[in-house]
Amino acid sequence: MRLLINKIFLGLSIFSALIGLAFLAWILTTLFIKGLGSFHFGLFLNDLIDGGLRNLIVGQFILAGIASLIGIPLGMAAGIYIQEYGRGRYADIIRDLSDIMMSAPSIVIGAFVYAVIVVPTGGTSGFAGAIALSIMMIPVVINTTDNMLSLVPRELREAGIALGASKYKVIIDIVIKAAKVGIMTGILLAFARIIGETAPLLFTSETSNYFSLDLTESFPSLTVSIYDLANEPEEASRDLAWAASFILTVLVLIINLSGRFITRNKK
Amino acid sequence: MPVLNIKKFSFTYPGVDHPSLKDINLPIKRHKITALIGPSGCGKSTLLRSMNRIHDLYPGNKYEGKIEFTDTDKNISDILDIKKENEFIELRQKIGMIFQKPTPFPMSIFDNVAYGLKISGVKNKTELADRVEIALKGSALWREVHDRLDKSAMGLSGGQQQRLCIARAVAVKPEVLLFDEPTSALDPISTGAIEELIVELKKDVSIAIVTHNMQQASRISDYTAFMYLGDLVEYNKTENIFLNPQEKKTEDYITGRFG
Ligand SMILES: Nc1ncnc2c1ncn2[C@@H]1O[C@H](COP(=O)(O)OP(=O)(O)OP(=O)(O)O)[C@@H](O)[C@H]1O
Ligand SMILES: [Mg+2]
């Protein structure tokens with residue numbers, strides 16, 4: 001009887017795993033066929049206005065980069081605070097808030113930034129987009145930092161204190177170093193997550209057909225342009241959207257894989 | 001004059017309504033090894049961790065009584081009076097601690113040993129290198145690691161890691177070393193090496209060691225304190241404790257009737 005139940009469960013698990021894999025394979029093959037079909041290296045040399053994607057790719061990285069500059073230090077500081085300094089109530093409140101923020105739909109974050117930044121400043125801007133992305137990133141960074149620091153054994157902290165180091169020095173010199181690989185991997189995965197986001201940018205940075213480094217104006221974004229291009233009637237626009245999706249997927253894949261690569265090699 | 005003199009000492013953990021140590025009187029004698037023995041939970045670690053105030057990493061502990069520290073210049077101070085950060089740093093550089101599980105820092109072998117030195121303000125590169133070398137030689141590790149000082153300390157074996165931790169503590173020239181079951185995570189050969197090393201260290205420092213291993217206590221210690229349920233039951237020269245215990249409890253424990 002046990003054996004039979006075991007077999008049924010095993011069968012069911014394999015079946016659902018196969019369904020999942022089949023869909024993944026379907027998505028990826030479609031993406032590869034359609035994407036590769038319209039892919040050419042000229043896409044990296046021209047801006048959208050000339051039928052290329054250069055400004056969009058650069059813009060997307062700039063947005064995610066600025067979001068990281070804001071999100072990583074803030075998230076790490078909060079994570080360090082709740083794990084190393086916070087006791088009881090405050091730490092728990094921040095932890096809960098961060099968990100809630102992590103599960104907030106990204107479109108809601110976009111709407112929030114629209115209300116508090118875009119409207120008061122009189123229009124969409126690269127800054128607003130970067131801030132929306134950083135809001136997506138912060139809870140993920142808090143969570144990883146918190147978790148990874150909690151894995152560092154208590155004895156290691158005590159050993160530092162026992163040598164005369166102050167608490168903050170132990171955290172900087174020893175604890176963070178011990179958790180470095182895990183935190184870096186988490187940050188990389190957080191980055192991979194925000195680089196592919198559309199909703200937070202849709203009405204914060206919007207997108208632009210031109211190359212731009214001016215963060216006070218609408219800012220070129222690969223994901224938002226994919227959304228726009230896919231809705232255009234012309235075949236050429238939709239082909240470009242496929243090519244852009246293909247490039248985006250490959251980028252995210254590379255970032256994800258390098259995250260895994262770091263973990264595997266360092267542990 | 002003992003280097004540490006624990007007088008009428010009681011200790012209560014936060015949120016616990018009874019003290020975990022009650023009215024302890026115990027000397028830690030200079031250049032001797034004092035073993036703390038007793039069944040699990042009797043308060044050995046609690047007592048040891050009071051001597052360098054490492055308890056203070058977690059707030060809310062209650063100390064009563066005195067732990068008098070007499071340094072080499074014969075200045076007497078009460079460890080329990082310490083409040084300021086810089087006094088804590090000084091205390092912990094004078095009274096080092098080695099833990100049950102080896103605790104190498106995630107950095108190079110050299111940086112591990114140099115860590116405490118840097119904290120105490122040694123900046124000169126050649127002085128650092130010299131003192132790291134002396135500490136590693138003094139911990140019988142130099143021969144094994146001298147050609148890979150820049151490699152991560154995490155790559156050492158458990159026994160080597162523990163000797164590295166001893167080297168790290170010795171490097172700042174402490175007066176007292178506290179060992180909390182330093183060999184219970186190690187194989188017999190590494191254990192032997194550490195025991196030898198501890199006896200060797202006696203000429204430079206005074207030592208208190210918590211151990212569950214009766215043979216270890218009788219092999220290496222000069223004095224032994226037997227603790228039970230937060231009380232110090234008996235303290236004497238080690239041979240007296242093992243050959244001629246005065247208390248029934250002590251006898252029961254060392255003959256293995258409980259514990
Ligand atoms: N952080 C703590 N908070 C509250 N009580 C504690 C704490 N740490 C230890 N205790 C209690 O204090 C008593 C003494 O513990 P301690 O760790 O000193 O025992 P020990 O003799 O070192 O035991 P072992 O041989 O198992 O290491 C025990 O009853 C223990 O449950
Ligand atoms: Mg203990």
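Computed over heavy atoms, backbone and side chain alike; hydrogens, waters and symmetry mates excluded. In the text below, chain A, chain B and the rest are named by the order of the sequence lines, each starting its count at 1. These numbers come from a predicted model, not from an experiment.
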Fill in the blank from the handout: Comparing B:P59, B:P102, B:A171 against chain A, the one with the most heavy-atom pairs below 4.5 Å turns out to be B:P59
Handout entry: Stepwise side-chain contact (heavy atoms from CB on, under 4.5 Å) check, B:R168 with B:T103
Key = CA-CA 10 Å; B:R168 196 169 66 188; B:T103 51; 3.1 Å; yes
Exercise for the section: Below 4.5 Å from any heavy atom of chain A, which atoms of B:L57 appear? Answer side chain, backbone, both or neither. Expected result: both
Problem - B:P104 portion near chain A, given a 4.5 angstrom heavy-atom threshold - result: backbone
Fill in the blank from the handout: Whatever's closer than 4.5 Å to a heavy atom in chain A on B:F88 counts as neither
Practice task
With side-chain contact (heavy atoms from CB on, under 4.5 Å) as the test, would you mind laying out the steps for B:E144 and B:R163 before giving the verdict?
Solution key: CA-CA 11 Å; B:E144 291 155 72; B:R163 275 180 283 151; 2.9 Å; yes
Practice task
Count the heavy atoms belonging to other residues, nucleotides or ligands that lie under 6.0 Å from NZ of B:K118, then report whether that count exceeds 12.
Solution key: yes
Problem - Over-ring placement of B:R53 relative to B:Y63, 6.0 Å and 45° cut-offs - result: yes
Exercise for the section: Take the angle between the ring planes of B:Y13 and B:F11 and call it parallel below 30°, perpendicular above 60°, tilted in between. Expected result: perpendicular
Problem - Part of B:M154 lying under 4.5 Å from any heavy atom of chain A - result: neither
